[in-house]
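Both ligands and their constituent atoms are indexed starting at 1 by order of listing.
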Amino acid sequence: MTAPIPFERPVFVTRPVLPPLGDYVALLETVWQSHALTNMGPMHQMLERAIGDRLGVGQVALWNNGTSALMGAIRALDLRGKVVVTPFTFPATVHAIALLGLEPIFADIDEESLTIDPAKITEVLVDEVSGIMGTHVYGRLCDTAGIFEVAQASGLKVVYDGAHSFSRNPPIFPDDPTVLGDITTLSFHATKLFHSVEGGATITSDPELDRRLRLLRNFGIASESDVELIGMNGKLSEVHAAMGIAMLGMIEGEIAQREGVASAYIAGLEGVDGIRIVAGNAQSMQYFVVRVDPDAFGSDRDSLFDTLRSMNVVARKYFSPLCSDMEPYSALPSAQNLPIARAVASQVLALPFYGGMSTDDATRITDIVKWHHDGNRR
Ligand code: T4K
C-alpha cells in the first residue's frame with residue numbers, strides 16, 4: 001500500500017454544527033426587542049418545550065451546562081455519603097459528586113456495553129452509599145433494567161449522565177423511571193451534535209423532583225419572599241437558548257450526513273483485524289469510536305493514535321485516562337481494581353466525526369489505519 005498523504009489541515013474529532021447565521025440573528029432580534037436576556041425568558045421556555053416534545057417526556061428542565069445539571073440532580077435527590085459511579089466517563093460525572101462533598105466509589109464496567117455493570121455495583125455497595133451514577137457512554141445505554149433492580153433492592157437513587165444521548169434517532173427516553181433513573185442529564189455543549197454553545201438539561205418522570213430541580217437552578221427561589229432551598233445559578237441565557245432553537249432544525253440533516261460518514265468508515269474498516277467499531281454504527285451519532293485489540297491489530301491504540309496525529313488526524317482517546325486514575329481519585333480503594341475499564345480505556349479511539357466531513361475524508365482516514373496496520377508505523 002502506498003503511503004497516505006497527510007491532511008493539509010488538522011481534522012479534529014469534531015467540529016460544531018452551526019445554523020445559518022441569518023436564522024440565529026433573526027432570533028436575536030427578538031431578544032434585543034424584549035430586553036429579556038436570561039432568567040427563564042421566552043427563548044428558554046420555547047426551547048424547553050421543544051426539547052420535551054422531541055424526547056416525548058413532559059418534565060425537561062434546561063440548565064447552563066451538563067455539569068451543573070449533574071450537580072443539580074445530586075442535590076435534588078439529596079444524595080449523601082457515597083455514590084457508586086463508572087470510572088469510564090468524562091471527568092464531569094465524577095467531579096459533580098466530589099464537588100458536592102460526596103465520595104465516589106468506582107464500579108467496573110461491562111465489557112460489551114462499556115457502561116457500569118450492575119453486578120459490579122452490588123460488589124462495592126456499603127452502608128453509606130446513597131446513589132448510583134451511570135453514563136450512557138457515546139450514547140450506548142446502560143443496563144437500566146439491571147441497575148433499577150439493584151437500586152430497588154438497596155433503596156438507592158439513580159442518576160444517568162446522558163450527555164451523549166440526545167443525538168439518538170429516535171431519542172430513547174420514555175417517561176419511565178426504569179429507563180430514566182430518577183433523573184437523566186443531558187449536555188448541549190458545542191461539541192455535541194445538538195448544542196446551544198453551552199447548555200444542558202435534566203429529565204425526570206417525577207413532578208416533585210422536577211420542581212426541586214427548577215428551584216435548584218435558580219438559587220432555590222420559590223417566590224420573591226420565599227427561598228425554599230440552597231440553590232445555584234444554573235440558568236441558560238436567552239442568547240444560548242436562541243442558539244438551541246436555531247439548532248433544532250439542524251439535527252436531522254446533521255444525523256443524515258453523519259450516517260454517510262459512518263458508512264464510509266464502516267466500509268473502509270471492514271476486515272481490518274483487531275478493529276471493532278463500538279460507537280457510530282447504531283445507538284448514537286455523537287461519536288465514531290473504534291476499539292483496537294493490540295494482539296489482533298499488531299500494534300496498540302497509542303501507536304495508531306500517533307500515526308494518525310502525524311497525518312494531521314486529531315483523534316481523541318475518549319475516555320482515557322480513567323477518572324479513577326486521575327490525581328484526585330487515584331488513591332481511593334475503589335480505584336484500584338477495575339480491570340475491564342482499564343483495558344477498555346487503553347483501547348478506545350474516537351475518530352473525527354461530524355457532518356461537515358466528506359466521506360472521502362473518512363475513507364482517507366481508514367486508509368491511514370490500514371497502512372498503519374500493514375506495518376507502517378509513525
Ligand atoms: N458528562 C459527559 C459524559 C460528558 O462527555 C461531558 C462533556 C459532560 C458530562 C459535561 O457536560 P458540559 O458541562 O461540558 O456540558 C469536550 C467538551 O468540552 C465536553 O463538553 C465533552 N463532554 C467532552 C467529551 O468533550 P474536550 O476537552 O475534549 O474539548 P476540546 O476543547 O478538546 O474539543 C474537542 C475538539 O472539538 C477540538 O479539538 C476542536 C473541536 N472544537 C471544540 C470546541 C469547544 C471546535 O471546533 N470548536 C469548539 O468551540 O471536552
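No donor-acceptor pair under 3.5 Å is formed between the side chain of Ser165 and the backbone N or O of Gly139. Under a 3.5 Å cut-off, the side chain of His136 and the backbone N or O of Cys142 do form a donor-acceptor pair.
The aromatic rings of Phe319 and Tyr138 lie parallel to each other, with less than 30° between the two planes, well short of the 60° mark.
Aromatic rings of Tyr318 and His164 (six-membered ring for Trp) have centroids beyond the 6.0 Å cut-off, not under it.
Among all protein heavy atoms, the one lying closest to atom 28 (O) of ligand 1 is Tyr318 OH, 2.5 Å. Closest to atom 16 (C) of ligand 1 among all protein heavy atoms lies Thr191 OG1, 4.0 Å. Nearest non-hydrogen protein atom to atom 18 (O) of ligand 1 is His189 CE1, 3.1 Å. For atom 3 (C) of ligand 1, the closest non-hydrogen atom on the protein side is His164 NE2, 3.4 Å. Nearest protein heavy-atom contact of atom 1 (N) of ligand 1 is Asp161 OD2, 2.6 Å. With hydrogens left out, the protein atom closest to atom 13 (O) of ligand 1 is Thr67 OG1, 2.6 Å, a heavy atom. Atom 6 (C) of ligand 1 has as its closest protein heavy atom Phe90 CD2, 3.4 Å. Here the heavy atom of the protein found nearest to atom 48 (C) of ligand 1 is Pro16 CG, 3.8 Å.
Within 4.0 Å of atom 31 (O) of ligand 1, not a single protein heavy atom is present.
Between the CG atom of Leu62 and the CG atom of Asn65 there is a distance of 12.0 Å, given to the nearest 0.5 Å.
The number of heavy atoms from other shown groups lying within 6.0 Å of NZ (Lys157) does not exceed 12. Atom CG of Leu99 sits in a crowded spot, with more than 12 heavy atoms from other residues, nucleotides or ligands closer than 6.0 Å.
Assignment of Arg316 to the shell around ligand 1 is supported, since a heavy atom sits closer than 4.0 Å.
Residue Lys192 approaches ligand 1 through these ligand atoms, each under 4.0 Å from one of its heavy atoms: 7 (C), 19 (C), 20 (O), 21 (C), 22 (N). Short contacts between ligand 1 and Ser187, defined as distances under 4.0 Å to a heavy atom of the residue, involve ligand atoms 11 (O), 12 (P), 15 (O). In summary, the atoms of ligand 1 found under 4.0 Å from a heavy atom of Thr135, numbered by their order in the structure, are 3 (C). Listed by atom number, the atoms of ligand 1 under 4.0 Å from Ala92 heavy atoms are 8 (C), 9 (C), 10 (C). Counting the atoms of ligand 1 from 1 in the order shown, those under 4.0 Å from a heavy atom of Tyr287 are 24 (C). When each atom of ligand 1 is checked for a heavy atom of Thr89 under 4.0 Å away, the hits are 3 (C).
Tyr24 is connected to Phe188 through a chain of hydrophobic side-chain contacts under 4.5 Å among Ile, Leu, Val, Met, Phe, Trp and Tyr, so both are in one cluster.
Closest heavy-atom approach to atom 36 (O) of ligand 1 within the set Val314, Thr14, Thr93: this belongs to Thr14.
Across all their heavy atoms, Met247 and Pro19 have their closest contact at SD-CD, 3.6 Å. What you find for Leu193 and Val17 is that their closest heavy atoms are O-CG2, 3.8 Å.
In this structure, Arg258 is not positioned above the aromatic face of Tyr354 in the sense of NZ or CZ being under 6.0 Å from the six-membered ring centre and within 45° of the axis.
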